[in-house]
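Structure first, then comments.
Numbering of ligands and ligand atoms starts at 1, following listing order. Predicted model, so just to flag it, every value in this text is computed and none were measured. The chain is numbered in sequence order, starting from 1.
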Amino acid sequence: MWDIKGKTFLITGGASGLGAQYAKTFLQLGAKKVAILDVAESVGVSFVTSLNETYPGKAVFIKCDVGNEDDIKGAFQKALNDLQRLDVIINNAGIMSDSPDLWRKSCEVNWQGLVSFTMKGVESMRIDEGGAGGTIINIASTAALFKLPTMPVYCGSKLAVIHFSQSLAEPPFFERTGVRILTMCPGPTDTPLLHNLLDRAIDKKYAEEFYAAVPTYTQEVESAVNAVVKMYQEGDCGSIWLSVKNKPAQDITDMFRNFYIELAKVI
Ligand SMILES: NC(=O)C1=CN([C@@H]2O[C@H](COP(=O)(O)OP(=O)(O)OC[C@H]3O[C@@H](n4cnc5c(N)ncnc54)[C@H](O)[C@@H]3O)[C@@H](O)[C@H]2O)C=CC1
Ligand SMILES: CCCCCC(=O)/C=C/[C@H]1[C@H](O)CC(=O)[C@@H]1CCCCCCC(=O)O
């Protein structure tokens with residue numbers, strides 16, 4: 001069982017939605033400090049103010065657009081200075097929009113930003129270079145596990161998150177670095193990300209027909225958050241987890257393992 005008590009957390013996209021609930025929950029469970037990184041400054045500042053009312057001095061807000069490398073460099077260094085040491089990074093910031101004006105930004109945020117924070121995290125945590133080890137939690141989605149024709153860019157960015165994470169985590173990565181890479185795939189969860197689905201689609205007209213034909217369902221935020229806590233406490237490096245329909249988190253690593261074993265027979 002991995003400890004939460006006394007650990008420091010950096011959470012991207014932590015000003016609202018699931019990221020804010022991860023912050024609240026890990027503080028409730030004894031985290032030492034959290035750094036909330038988000039592009040939404042006023043929401044982030046007021047959220048951190050409310051956290052500090054309950055947990056004095058334990059939360060800091062750092063403005064950061066995770067789609068912008070200069071922002072990431074500055075924010076990561078500031079988080080290290082403020083927290084002194086980073087034990088856990090939750091790469092949570094994500095955009096769901098395949099619209100012509102936003103698809104490229106969503107690739108930068110969902111994928112490149114996550115890669116950048118993961119690499120910086122590994123560098124600062126790795127025990128073979130003087131660090132103390134740690135955990136990096138990468139948030140993917142069930143959109144990586146089914147084909148959603150209205151949002152192929154979002155699906156692709158989330159599958160990239162899974163494959164990047166599981167490839168990086170291949171043994172002996174953990175033995176060498178002491179850094180644990182974990183991936184969570186939440187299913188549709190009740191947050192603003194799911195508002196205005198038609199405006200987020202690659203093709204609005206087709207999306208109207210598509211969403212009229214498929215049933216929509218969402219799970220509670222609490223369920224997705226509990227799943228991340230369970231994965232943090234129990235997950236092995238390289239493991240991939242699922243959180244759907246308010247069910248307890250499931251470790252689906254073996255399904256991926258078997259998929260690659262089958263593929264290896266033909267490649
Ligand atoms: N809500 C859902 O149904 C699901 C969400 N996810 C993933 O969970 C993560 C969080 O999603 P939600 O909380 O639902 O979304 P949300 O839209 O409610 O919140 C996203 C947060 O990220 C921040 N953000 C957006 N762009 C940013 C940027 N460039 N730099 C820094 N912060 C930025 C926003 O300001 C906001 O605080 C995302 O990666 C999403 O893809 C995965 C599966 C299901
Ligand atoms: C086995 C085929 C499954 C196909 C599922 C699908 O294409 C549609 C899924 C919708 C489901 O009915 C409930 C929803 O809300 C889905 C549409 C919303 C997609 C956004 C997902 C965001 C995310 O999970 O990251």
### Query
Does NZ or CZ of Lys245 come closer than 6.0 Å to the centre of the six-membered ring of Tyr217, within 45° of the ring's axis?
yes

#### Entry: Remaining members of hydrophobic cluster (4.5 Å side-chain criterion), Trp103
Val153

### Query
Given that the side chain starts at C-beta and the backbone is N, CA, C, O, which of these parts of Val109 lies under 4.0 Å from ligand 1, counting heavy atoms, or is it both or neither?
side chain

### Query
For ligand 1, which atoms sit closer than 4.0 Å to a heavy atom of Ala93?
32 (N), 39 (O)

### Message
Tell me whether Ala140 reaches ligand 1 (any heavy atom closer than 4.0 angstrom to a ligand atom).
### Response
yes

### Task
Measure the distances from the heavy atoms of Thr12 to every atom of ligand 1 and state whether one is below 4.0 angstrom.
no

### Query
Hey, is Glu108 one of the residues with a heavy atom under 4.0 angstrom from ligand 1?
no

### Message
Suppose I only count heavy atoms of Gly94 and a 4.0 Å limit; which atoms of ligand 1 are within that range?
### Response
38 (C), 39 (O)

### Message
Counting only nitrogen or oxygen atoms and a 3.5 angstrom limit, does Asn92 reach ligand 1?
### Response
yes

#### Entry: Pi-cation contact, Tyr232 with Arg180 (under 6.0 Å, within 45°)
yes

### Message
Tell me whether Ser141 has any N or O atom under 3.5 angstrom from an N or O of ligand 1.
### Response
no

### Task
Compute the shortest N/O to N/O distance between Ile95 and ligand 1 and return yes if it is under 3.5 Å, no if not.
no

#### Entry: 4.0 Å heavy-atom contact, Gly14 with ligand 1
no

### Query
Have Thr150 and Asp203 got a donor and an acceptor in their side chains that come within less than 3.5 Å?
no

#### Entry: Nitrogen or oxygen atoms of Thr142 and ligand 1 under 3.5 Å apart
no

### Task
May I ask you to say whether Asp65 pairs ionically with Lys105, meaning some side-chain N is under 4.0 Å from a carboxylate O?
yes

